[in-house]
Every structure is written in structure tokens, then in C-alpha cells.
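First comes the structure, then the notes that go with it.
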2 protein chains.
Amino acid sequence: MQDVATLAGVTKQTVSNVVTGRVAVRPDTATRVRAAIAELGYKPNLVARSLATGTTMTVGLIVPTVASPFYSEIVEEVENVLDEHGYHLVLGTTRADGDRAKRQLAGLSSRLVDALLIAGDRDLADPLALLPDPRFPIALCAWETQIPDSLPVVTIDYEHAGFLAGEHLRGLGHQRVAAVVELPTHERRLSGLRSAFARHRLRIGDDMVFAPTEATPAGGFAAAQAALAADPSLTAIFASHDLLALGVLEAVKESGRSVPGDVSVIGFDDTAPVGLTHPALTAVAIPSREMAQQATNLLLRALAEGTLPVNSAQLLRTSLVIRDSTGPARH
Amino acid sequence: MQDVATLAGVTKQTVSNVVTGRVAVRPDTATRVRAAIAELGYKPNLVARSLATGTTMTVGLIVPTVASPFYSEIVEEVENVLDEHGYHLVLGTTRADGDRAKRQLAGLSSRLVDALLIAGDRDLADPLALLPDPRFPIALCAWETQIPDSLPVVTIDYEHAGFLAGEHLRGLGHQRVAAVVELPTHERRLSGLRSAFARHRLRIGDDMVFAPTEATPAGGFAAAQAALAADPSLTAIFASHDLLALGVLEAVKESGRSVPGDVSVIGFDDTAPVGLTHPALTAVAIPSREMAQQATNLLLRALAEGTLPVNSAQLLRTSLVIRDSTGPARH
DNA sequence: ATGAAAGCGCTAACAG
DNA sequence: CTGTTAGCGCTTTCAT
């Protein structure tokens with residue numbers, strides 16, 4: 001920067017003014033400075049700027065994994081919004097590892113980022129406790145378990161979402177249903193499902209709840225096979241997220257049953273891939289992109305105003321997307 | 001930091017020594033310092049450290065998108081390796097937008113990150129030209145078009161990979177085949193396919209090449225429908241990546257044809273989701289995770305040694321994963 | 001509109 | 001093993 005200044009015959013300060021554009025500079029001076037910058041190939045050192053301004057123009061995002069359509073959509077959307085506002089994204093994945101989550105949290109909050117967005121509570125329930133600085137801007141997104149009421153959150157009512165799925169199946173006359181549910185993560189989706197049935201004095205016993213060993217289509221496939229073996233006369237299967245639902249669909253078809261003729265299948269999330277299965281999957285749609293946008297904007301707004309994000313719980317609406325994988329119960 | 005020092009009765013420097021652990025400190029002094037740190041809740045300012053050391057412990061990764069299984073696997077793997085080495089990841093997506101790519105490149109190379117990894121050349125062919133500083137560590141990964149020979153790259157021989165697919169189909173006796181190919185991105189995969197057929201004096205004319213309007217299953221679905229309409233007697237369809245292949249599979253089945261009885265389908269990439277289609281998809285496997293690992297390690301090694309990454313082109317091997325979607329040509 | 005001085009919070013290099 | 005002195009590259013006052 002000093003080199004640029006001497007070449008242009010000004011001081012560092014004037015160079016700074018030209019670069020940042022925060023202070024008016026006489027046009028001809030500015031031109032001279034710009035020429036010097038081009039000639040020397042000068043690029044401002046962002047780290048030094050950060051130290052001086054106390055702001056990094058960077059937001060951290062912590063997700064359980066990025067290799068699932070649900071979270072990759074969130075990552076993509078967050079990055080989009082950040083980019084629009086000139087912010088960079090530091091991404092941390094926790095990979096079902098509490099220690100790793102803790103490290104990520106600690107690292108990022110050490111002023112490496114200006115704010116932190118945490119999507120999905122899978123591995124963070126505890127680490128969140130050790131929030132270092134209460135003045136550090138944090139927002140939660142897609143939070144499913146107990147929401148710490150000290151932090152702003154943008155999420156949905158997961159229990160209600162499960163309820164929607166249950167009402168739909170009930171309305172179609174299903175009585176013998178199995179649930180393929182990732183536990184304890186998707187506890188609430190299950191209890192929503194159950195309460196929809198409970199309204200009609202129907203129970204979904206624990207023996208009809210199957211937890212997959214992994215959160216993949218293969219996991220859903222195996223769990224669905226177990227469900228069909230446990231009750232060959234069941235007429236519907238609820239899957240607690242899309243990836244599982246894909247596997248469930250395959251397992252049902254492989255067993256020689258038709259969907260939805262013999263067995264209805266309902267999914268959860270409604271990410272892009274599921275629209276193209278055969279039959280197309282009925283699912284409770286979670287507005288993941290909207291959640292990501294809202295949460296990111298929440299943080300960005302706080303940063304712009306130099307305040308903490310408003311501490312509120314914002315619940316987005318879910319809706320049922322009825323496609324072809326659910327139909328009336330067979331008798 | 002000064003507060004910690006006075007509370008512990010030492011200087012800032014000693015606090016620094018305790019925190020970084022780079023210099024030996026007498027145990028009792030260290031204990032006193034640690035107590036002071038705990039009492040004051042001190043956390044080192046990473047930005048200040050970066051300015052002083054000239055290193056940010058951060059690596060940038062630029063990808064076209066993260067909402068595709070291929071790239072999300074790469075992101076995940078890169079983050080994994082970085083985390084193991086105590087590095088953070090700054091993620092930039094270009095989203096088929098050359099300007100955005102240019103901005104990302106410029107932003108990240110301004111010393112915000114210590115090194116840069118660029119995966120996929122979709123939107124970067126040109127922007128790469130304006131690499132500011134030749135001494136900035138950069139590596140390329142999964143690079144498909146002309147490789148700039150000034151930069152190290154870890155990729156595969158995409159033409160050979162296409163060739164493998166072609167040989168497989170040829171070996172099964174297929175003669176009338178269509179190709180659903182994202183162009184110009186996957187040009188080489190197509191030309192590999194063609195040269196495998198050319199060896200047997202067979203041509204795949206341009207009229208049998210179908211470019212999907214979008215890189216999704218839906219895009220593949222439409223393109224495959226067009227292909228089947230153009231030549232109802234075709235016996236095989238090549239899809240230039242998995243997402244397209246999923247759509248192709250559905251289109252073929254929907255047309256009333258069986259896979260692979262009537263039409264064989266072969267994919268490309270072999271990402272996780274495709275193992276569970278029905279029938280399971282035969283595909284040319286691209287070792288995306290290995291590429292990501294190698295490229296990341298390349299950069300990390302260079303950073304550790306304070307040198308530039310060795311400028312070489314490392315080609316990983318591809319292999320054909322034969323599953324159930326390909327079979328002998330029908331006559 | 002531009003210049004001069006001070007300092008962001010930390011680590012490097014050396015001295016003791 | 002600990003203290004002292006500089007300085008990383010930039011932005012912020014405040015003068016001029």
C-alpha cells in the first residue's frame with residue numbers, strides 16, 4: 001500500500017480512501033492512484049483490514065453434513081444470500097461428532113467470523129452450552145429439539161409437520177402403519193404422527209417404529225423390510241426424511257407390493273430428488289431454503305445495525321405435497 | 001490479552017507462549033496464566049494472530065454448486081481433510097455465473113485464505129486468467145477441459161472414462177445408442193464414448209446426442225424422451241452424469257420399455273444415490289473423494305513446507321461399476 | 001481533499 | 001524461561 005502511495009505521490013491514507021470509497025477523493029488523484037494500483041498489482045490485505053475495522057465480512061455456518069440434499073440446499077441458499085451482501089462463508093460440518101462440533105464452535109467464534117449460523121441440532125445440543133460470548137451474533141435454523149430460548153431461531157413446527165402426515169394417512173383410512181424414523185433426532189416428527197392417529201383412538205406402537213442404522217436410502221430400505229416382516233398387512237409407511245423414503249419405496253416395491261395400491265409411502269422434507277421417483281413421493285414439505293434465507297438475513301441485519309439479532313422463534317409453515325405414493329387404504 | 005497478563009503477573013508474550021504452546025513455559029507460570037484466562041474468559045483474536053503470522057489457517061474451495069451429489073461429496077471430503085489438519089474451509093459457489101466466479105477468486109486470494117482449491121471448471125475457464133499472484137498456492141480438482149499447465153491439478157482422464165462406457169456398451173453388442181450429454185461441459189466424456197464406437201466403425205451421430213436443458217433428473221428425463229422419439233429402436237442410452245441417468249432410467253421405464261431388456265442405461269460419476277435405483281445403475285465411477293483428498297493434501301503439504309504445490313497433473317484411475325442397468329443388446 | 005499519528009491484538013526476534 | 005521491542009497492513013481519528 002505504501003508503494004502504491006509513493007508511486008501515485010500521495011499517502012497511504014489516500015490510497016485507502018480510493019480503495020474503500022468511503023471518503024470522497026478528487027477525480028484526478030483517484031485516477032492516479034488507480035493507475036498505480038494496476039501497475040503494481042496491489043490487492044488490499046483483508047486480514048489487516050479486518051484487524052483495523054474489527055469486522056471480517058464472513059459468516060460461519062455449521063451443519064451436520066453437506067452430503068444430504070436437505071443440508072446442501074441450506075448451504076447453497078446461505079451462501080447465496082451472503083454473496084449478495086458481500087459476505088464470505090466459512091463452512092463447518094460436525095459429522096455426528098460432538099467434539100468436532102465443539103471445536104468448530106470455538107474456532108469460529110474467536111472472531112474469525114462476524115456471526116454464526118447453526119443449522120440442525122444433531123450434534124450440538126451440549127456444545128451450545130459453552131457459548132463463549134453472549135454478545136456474539138448467533139442464529140439457529142432448522143432446529144428440531146428443545147430450542148434454547150436465549151438464541152433466535154428460524155425453524156418449523158416439526159411436531160405439526162408430523163401431524164400433517166398423520167392426518168393425511170388417517171384421512172385415507174390407514175390404520176396399520178409403520179414408521180421408519182431416525183431416532184432420537186426425529187422424535188417430534190414421530191410424535192406428531194402419533195397424535196394425529198391418537199385423535200381417532202388409534203395407536204402406533206413402539207413395535208411399529210423402526211430406526212434405520214444409517215440415514216441413507218439403504219438404511220430406509222432395510223428398515224422397511226423389517227417393518228413389512230413385522231406386519232405384512234400394514235397399509236402405509238411413514239419415513240422421517242426423504243432419503244429414508246427413497247429406500248422405503250424400493251423395499252415395498254421389491255416385496256412385490258404396489259405403491260400406493262397395497263402400501264402408501266409418505267416422506268418428509270421434500271427435497272429436489274424425490275419428485276422424480278416412481279411413483280412420485282408424497283411428502284411433508286419443509287421450506288429449507290426459506291429457513292436458510294430468513295436466518296441468514298436475520299444475522300446480516302443484526303450485523304448491519306451493529307446489534308444482536310432479535311431473539312425470537314420464527315416458525316415457518318409446512319405443507320403437504322400430495323403426489324402419487326399415497327392412496328386409500330386397502331381393505 | 002494484556003488483562004490476562006497483568007492478572008497472572010506476566011507479560012503478554014508469556015500469555016502468548018502458553019496459548020500457542022510454541023515455547024516452553026514453566027508449569028506453575030502456565031497454570032497461573034491458564035487460571036487468568038479462564039477467569040477472564042479470554043479467547044485469542046484469530047484475526048490479529050493471522051496478521052502477525054501471515055497465515056490464516058484457512059483454505060478456500062470454489063465449486064460450481066453444492067446441490068449435486070458429486071460436488072457435495074467433494075466439499076465434504078475437503079472439509080474433512082482440512083479439519084484434521086486444523087484448517088478452516090471458506091466455501092464459494094459459482095452457480096454458473098462467470099462474474100460471481102471472478103469475484104470469489106478475487107476475494108479469496110486477497111489473503112483471506114492461505115490456499116485455494118478449485119473443483120470443476122464450469123464457470124472458471126476465463127476468470128482463472130486473472131490469477132493475481134503467481135505465488136499464491138492453488139490447485140485444481142476434477143478439471144475436465146483444457147488444463148492450464150501453470151497449475152497443479154488432480155483429476156481423471158474424462159475421455160478415457162467415456163471410452164470405458166463405450167467399450168462396455170460395444171461389448172454387449174449395442175449399435176444404436178443415444179447420448180444424453182451436458183454440453184459443452186461434458187464434451188470429453190462424449191468424445192471418449194464415440195471413439196470406443198469408432199474403433200468398430202460405428203458412429204454416434206450428432207442427431208443422437210441430446211443436451212438436457214438442466215442438469216437434473218428432470219432434464220435427463222426430457223432428453224431421454226426426445227432420444228426415444230428420435231430413434232424408437234435404440235438399445236442403449238449413455239448419460240453424462242448420474243443425475244441425468246436417474247431421469248433417463250425413468251423415461252425409459254415410462255415408455256414401456258424394460259431396463260436392461262429393451263434398453264441399457266449407463267451413467268457417470270457413481271455417486272451414492274445411484275446404487276439404489278431399480279435396476280441399479282451401471283456407471284463409470286469417478287473417484288471424487290480421492291480427488292478431493294489428494295488435491296487438499298497437495299495444498300496442505302505445500303503450506304506446511306512453505307513452498308508452492310508441485311505443479312503436476314495427477315490422473316486418478318476410473319473404473320466401470322457394472323450393475324443391473326446394462327445388458328446385451330436386443331436384436 | 002489530503003496528510004500525520006496512533007493503534008487494532010497478536011507474534012517474532014532477541015535480550016536477559 | 002520470561003521480558004522488551006518492533007511491526008504485520010490497514011483504518012481511524014484529527015489536523016491541515
> Does anyone know the first and last nucleotide of DNA chain D in reach of chain B, 5' to 3', at under 4.0 angstrom to a heavy atom?
Replying inline: dC1(D) to dG9(D)
> Hey, are Asp83(B) and Arg95(A) close enough for a salt bridge, meaning a charged N less than 4.0 Å from a carboxylate O?
Replying inline: no
> Expressed in angstrom and rounded to an integer, what is the separation of Arg49(A) atom CZ from dG7(C) atom C1'?
Replying inline: 17 Å
> Can you check the Arg22(B) CZ to dC10(C) P distance for me, whole Å?
Replying inline: 16 Å
> Can any side-chain N or O of Thr307(B) pair as donor or acceptor with the backbone N or O of Leu303(B) at less than 3.5 Å?
Replying inline: no
> Are the side chain of Asp269(B) and the backbone N or O of Thr271(B) linked by a donor-acceptor pair below 3.5 Å?
Replying inline: no
> Atom CD of Gln2(B) and atom P of dT11(C): how far apart are they, to the nearest Å?
Replying inline: 13 Å
> Which atom pair, heavy atoms only, marks the closest approach of Val10(B) to Val33(B)?
Replying inline: CG2-CG2, 4.0 Å
> Of the nucleotides dC8(C), dA12(C), dC10(C), which one has an atom closest to the side chain of Ala52(B)?
Replying inline: dC10(C)
> Between Leu51(A) (CG) and dG7(C) (C1'), how many Å, whole number?
Replying inline: 9 Å
> Roughly how many Å is it from CG in Asp3(B) to C1' in dC10(C), rounded to a whole number?
Replying inline: 14 Å
>> I want to check one thing: is the phosphate of dT11(C), taken as OP1 and OP2, less than 4.0 Å away from some side-chain N or O of Ser16(B)?
In response: yes
> Which one, dG7(C), dT11(C), dA12(C), comes nearest to the side chain of Thr20(B)?
Replying inline: dT11(C)
>> Return whichever of Asn45(B) or Ala24(A) has its heavy-atom-nearest nucleotide of DNA chain C closer to the 5' end.
In response: Ala24(A)
> Whole-Å distance between dT11(C) C1' and Met57(B) CE?
Replying inline: 15 Å
>> With a 4.0 Å cutoff (strictly under), does any side-chain N or O of Thr14(A) reach OP1 or OP2 of dG3(C)?
In response: yes
>> Looking at Glu79(B) and Arg100(A), is any side-chain nitrogen of the basic one under 4.0 Å from a carboxylate oxygen of the acidic one?
In response: yes
> Would Ile286(A) and Phe70(A) count as a side-chain contact (heavy atoms from CB on, under 4.5 Å) if you check the C-alpha gap in whole Å, the side-chain angles of each, and the deciding distance to 0.1 Å?
Replying inline: CA-CA 9 Å; Ile286(A) 303 190; Phe70(A) 183 75; 4.0 Å; yes
> Thr29(A) side chain: which of dA4(C), dA1(C), dC10(C) is closest?
Replying inline: dA1(C)
> Contact class for Val47(A) (heavy atom, under 4.0 Å): base, sugar-phosphate, or nothing?
Replying inline: nothing
> Can you check the Gln13(B) CD to dC14(C) C1' distance for me, whole Å?
Replying inline: 11 Å
> Going through the distances and angles, do Ile74(B) and Arg289(B) end up as a side-chain contact (heavy atoms from CB on, under 4.5 Å)?
Replying inline: CA-CA 6 Å; Ile74(B) 287 188; Arg289(B) 301 193 108 97; over 6 Å; no
